[in-house]
There are 2 protein chains.
Amino acid sequence: MKTVTISDVARHAQTSKSTVSQFLNKRYDYMRDDTKKRIEAAIEELGYSPNIVARSLKQKSTKTIGVIVANILHVFSTQVIRAIEDFCNDSNYHVIVCNADDDPAKEKRYIEMLRAKQVDGIIAFPTGGNVDLYKKLISESYPLVFLDRKVQEISVNTVLLDNEKAAKIAVDEFVKTGYDKIGIITPSLEKGITPRVERVSGFKKALEEHGLPVKPEYIVSAKIADIQRELEKMLNLPEPPKAILALNDRVLFEILKYAKEHSLKIPEDIAVIGIDDVSFAGFYSPELTTIAQPAFDMGKKAAELLLNRIASKGSEVEVNTFRFDPQLKKRSSC
Amino acid sequence: MKTVTISDVARHAQTSKSTVSQFLNKRYDYMRDDTKKRIEAAIEELGYSPNIVARSLKQKSTKTIGVIVANILHVFSTQVIRAIEDFCNDSNYHVIVCNADDDPAKEKRYIEMLRAKQVDGIIAFPTGGNVDLYKKLISESYPLVFLDRKVQEISVNTVLLDNEKAAKIAVDEFVKTGYDKIGIITPSLEKGITPRVERVSGFKKALEEHGLPVKPEYIVSAKIADIQRELEKMLNLPEPPKAILALNDRVLFEILKYAKEHSLKIPEDIAVIGIDDVSFAGFYSPELTTIAQPAFDMGKKAAELLLNRIASKGSEVEVNTFRFDPQLKKRSSC
DNA sequence: CTGAAAGCGCTTACAG
DNA sequence: CTGAAAGCGCTTACAG
């Protein structure tokens with residue numbers, strides 16, 4: 001089909017492209033009523049719809065942003081994206097979703113392609129592996145917001161959970177219930193991924209605050225696939241922990257699997273608290289005590305920061321780190 | 001910052017825009033080696049990156065597709081999107097994600113905006129409420145693929161679960177285990193959403209095949225919020241069902257909650273099979289027998305169909321419905 | 001109140 | 001092997 005353009009509309013309405021464009025952009029200030037009507041009719045009749053790519057080229061704004069998460073399959077990411085999409089939708093922005101899979105090379109490709117597509121800004125769960133690129137974006141004052149993770153020496157608005165607090169809440173809860181042998185299991189700490197690092201450090205600090213010893217044997221960092229084995233080791237220590245903090249939902253799954261396979265009773269044999277309020281927490285047996293992340297609020301905040309930044313067109317903007325409060329969902333696994 | 005354009009590169013490399021463009025598009029056929037080198041150097045030095053919006057305007061292809069799901073928070077949608085994104089990434093396409101929330105008005109807005117943005121094609125979980133729009137797209141031979149749901153009288157490539165088979169597998173399994181009083185719970189059937197309608201009809205057919213009566217009291221259709229109440233009614237029937245098929249994960253949640261609150265033992269008091277292989281199926285107590293949807297395969301297929309359609313540039317293409325096989329995950333809740 | 005003209009940054013016949 | 005020119009479909013000063 002031949003596409004109908006603004007020229008066609010202009011011809012049909014017996015006016016000029018300029019006037020039609022004014023109409024489209026709702027600048028009716030000086031438009032005669034009958035001109036307006038003719039244009040309206042022509043648009044209707046021709047089934048005209050503006051080509052936003054052309055507009056974007058001229059206006060240097062595509063009204064779309066990019067969101068680069070680690071993996072959309074993680075429910076936290078899904079919720080964040082949902083919140084971002086909702087916020088963007090209200091402001092007539094669209095969102096392109098990318099999965100970086102914790103791979104800096106993939107992240108780099110995405111950032112470069114998104115920029116080439118003239119996306120107005122990017123929200124990223126940074127891999128941390130592209131420091132020079134991040135710096136370049138910032139030096140060009142390209143709108144950028146980090147979420148879930150921060151990157152050393154990169155000065156950009158960042159939205160984070162108060163991870164130390166999350167760990168502290170869990171430890172406090174364990175202690176309150178009477179536990180003093182408390183362990184933590186985290187996915188690999190190697191890449192220095194913010195939530196993991198901070199939660200572990202918060203865990204240690206909280207232990208100290210309670211005058212409890214920080215035993216390295218009680219702190220397990222392992223790939224998800226190895227957690228079962230590491231857990232086994234930990235629980236077969238001469239003095240095993242009686243309570244375990246699961247750093248996130250994936251770790252919690254492994255602990256629950258292990259407990260089931262080894263017929264461990266929760267919380268009698270081992271108490272458990274998980275960070276991430278998993279979908280089944282309320283009807284699992286026992287009901288699972290969790291610490292929820294305000295994922296929607298965090299996504300919304302990130303979107304808000306980004307769109308404000310875009311709107312403010314490179315004028316000096318303050319850079320901050322925004323910490324969100326985790327929330328204890330007290331149930332029965334501790 | 002001033003953007004650097006192809007003209008800057010041309011000037012710097014002492015050649016013309018045309019030649020630089022040839023270079024960018026890797027049409028080296030007739031390019032002298034030193035020209036090539038000069039261009040390369042200029043690009044490097046200026047930090048040039050092409051403006052894809054300009055290219056898109058000229059080439060009438062944005063290398064971007066739109067995906068409109070009901071709600072990205074549903075794990076099935078998330079998996080489908082992941083598969084689509086992976087496939088698109090391989091072909092250098094980007095994907096814009098939209099949530100229609102089963103709202104035809106919202107769907108309409110998205111479709112129109114995506115088209116205005118000159119997106120090369122759309123994959124949709126159609127609400128079913130915009131028949132005229134769908135028809136219009138098709139008549140313009142705009143690349144479109146439906147997923148999860150089909151729409152009457154709309155002839156477009158559609159990727160679906162074999163829903164009847166999913167229900168049949170569940171019923172067969174119940175019967176095999178010795179159950180003959182089998183119920184089904186589904187979210188509201190009112191909107192005629194394909195998977196619900198087809199699973200219920202598959203359920204009835206399967207019952208008949210086994211010579212079992214189809215009792216209306218055993219078929220509950222209710223909003224998620226009302227399921228607890230309806231379940232209570234059903235289980236207090238003079239002759240209540242002893243096995244229940246949960247139409248999807250959300251329904252399963254409600255059943256599990258109910259069972260927990262009323263201390264019903266699964267499968268002793270009530271056997272359960274759920275369609276959708278929920279994350280905790282393998283370590284719930286009891287382990288949950290489920291029927292998995294091949295979400296990744298389905299997403300990949302949809303992406304493949306769409307990109308082929310885009311590549312084939314409006315030439316006649318066959319239209320089909322692609323049914324994917326559900327898979328029984330035999331565990332212990334039946 | 002409206003129109004002609006230039007320009008956004010590319011690509012693509014076409015000529016040489 | 002390379003360049004000048006037209007054009008993709010808009011928007012935006014500017015002139016009148």
Salt bridge (charged side-chain N to carboxylate O under 4.0 Å, His left out) evaluation trace for Arg82(A) with Asp101(B): CA-CA 11 Å; Arg82(A) 184 34 145 133; Asp101(B) 290 321; 2.2 Å; yes
Which atom of Glu107(B) lies closest to which atom of Phe125(B), heavy atoms considered: OE2-O, 4.3 Å
Below 4.0 Å: OP1/OP2 of dC1(D) and any side-chain N or O of Lys36(B): no
For atom CZ of Phe23(A) and atom C1' of dC1(C), their distance in whole Å: 16 Å
Nearest-angstrom distance from the residue atom CG of Asn51(A) to C1' of dT11(D): 13 Å
Gln118(A) vs dC8(C): side-chain N/O to OP1/OP2 distance below 4.0 Å: no
Distance test, side-chain N/O of Thr35(A) to OP1/OP2 of dC1(C), below 4.0 Å: no
Phosphate OP1/OP2 of dT2(D) contacted by Arg32(B) side-chain N/O (<4.0 Å): yes
Length of the CG-C1' vector between Leu24(A) and dT12(D), whole Å: 14 Å
Touch class at under 4.0 angstrom, heavy-atom based, for Ser21(B) against every strand present: base
Touch class at under 4.0 angstrom, heavy-atom based, for Tyr48(B) against every strand present: sugar-phosphate
Identified pairing partner of dA13(C), criterion: Watson-Crick or G-U wobble below 3.5 Å: none
Residue closer to the 5' end of DNA chain D, Ser18(B) versus Asn25(A) (nearest nucleotide): Ser18(B)
Touch class at under 4.0 angstrom, heavy-atom based, for Thr15(B) against every strand present: sugar-phosphate
Asp102(B) versus Thr127(B), side-chain donor and acceptor atoms under 3.5 Å: no
Touch class at under 4.0 angstrom, heavy-atom based, for Lys17(A) against every strand present: base
Between dT11(C) (P) and Leu57(A) (CG): distance, integer Å: 12 Å
Rounded distance (Å) that lies between atom P of dT11(D) and atom CD of Gln59(A): 6 Å
Heavy-atom donor-acceptor pair, Lys58(A) side-chain to dG9(D) base, under 3.5 Å: no
Earlier contact from the 5' end, DNA chain D, for Arg38(B) and Ala54(B): Arg38(B)
Ser16(A) vs dG3(C): side-chain N/O to OP1/OP2 distance below 4.0 Å: yes
Side-chain N or O of Thr19(B) closer than 4.0 Å to phosphate OP1/OP2 of dG3(D): yes
Residues, nucleotides or ligands: over 12 heavy atoms within 6.0 Å of Lys63(B) NZ: yes
Contact summary for Gly128(A) and Tyr134(A), nearest pair of heavy atoms: N-OH, 3.0 Å
Side-chain N,O (Gln22(B)) to OP1/OP2 (dC1(D)) below 4.0 Å: no
Opposite nucleotide pairing with dA4(D), Watson-Crick or G-U, both atom distances under 3.5 Å: none
For atom CZ of Arg11(B) and atom C1' of dA4(D), their distance in whole Å: 16 Å
Length of the CG-C1' vector between Asp34(A) and dT2(C), whole Å: 12 Å
Gap between atoms CZ and C1', on Arg55(A) and dC10(C) respectively (whole Å): 20 Å
Under 4.0 angstrom between Lys60(A) side-chain N/O and dG9(C) OP1 or OP2: yes
Between Thr321(A) and Lys150(A), a side-chain donor and acceptor under 3.5 Å: no
Which nucleotide in dC10(C), dC10(D), dT12(D) has an atom nearest any side-chain atom of Ile6(B): dC10(C)
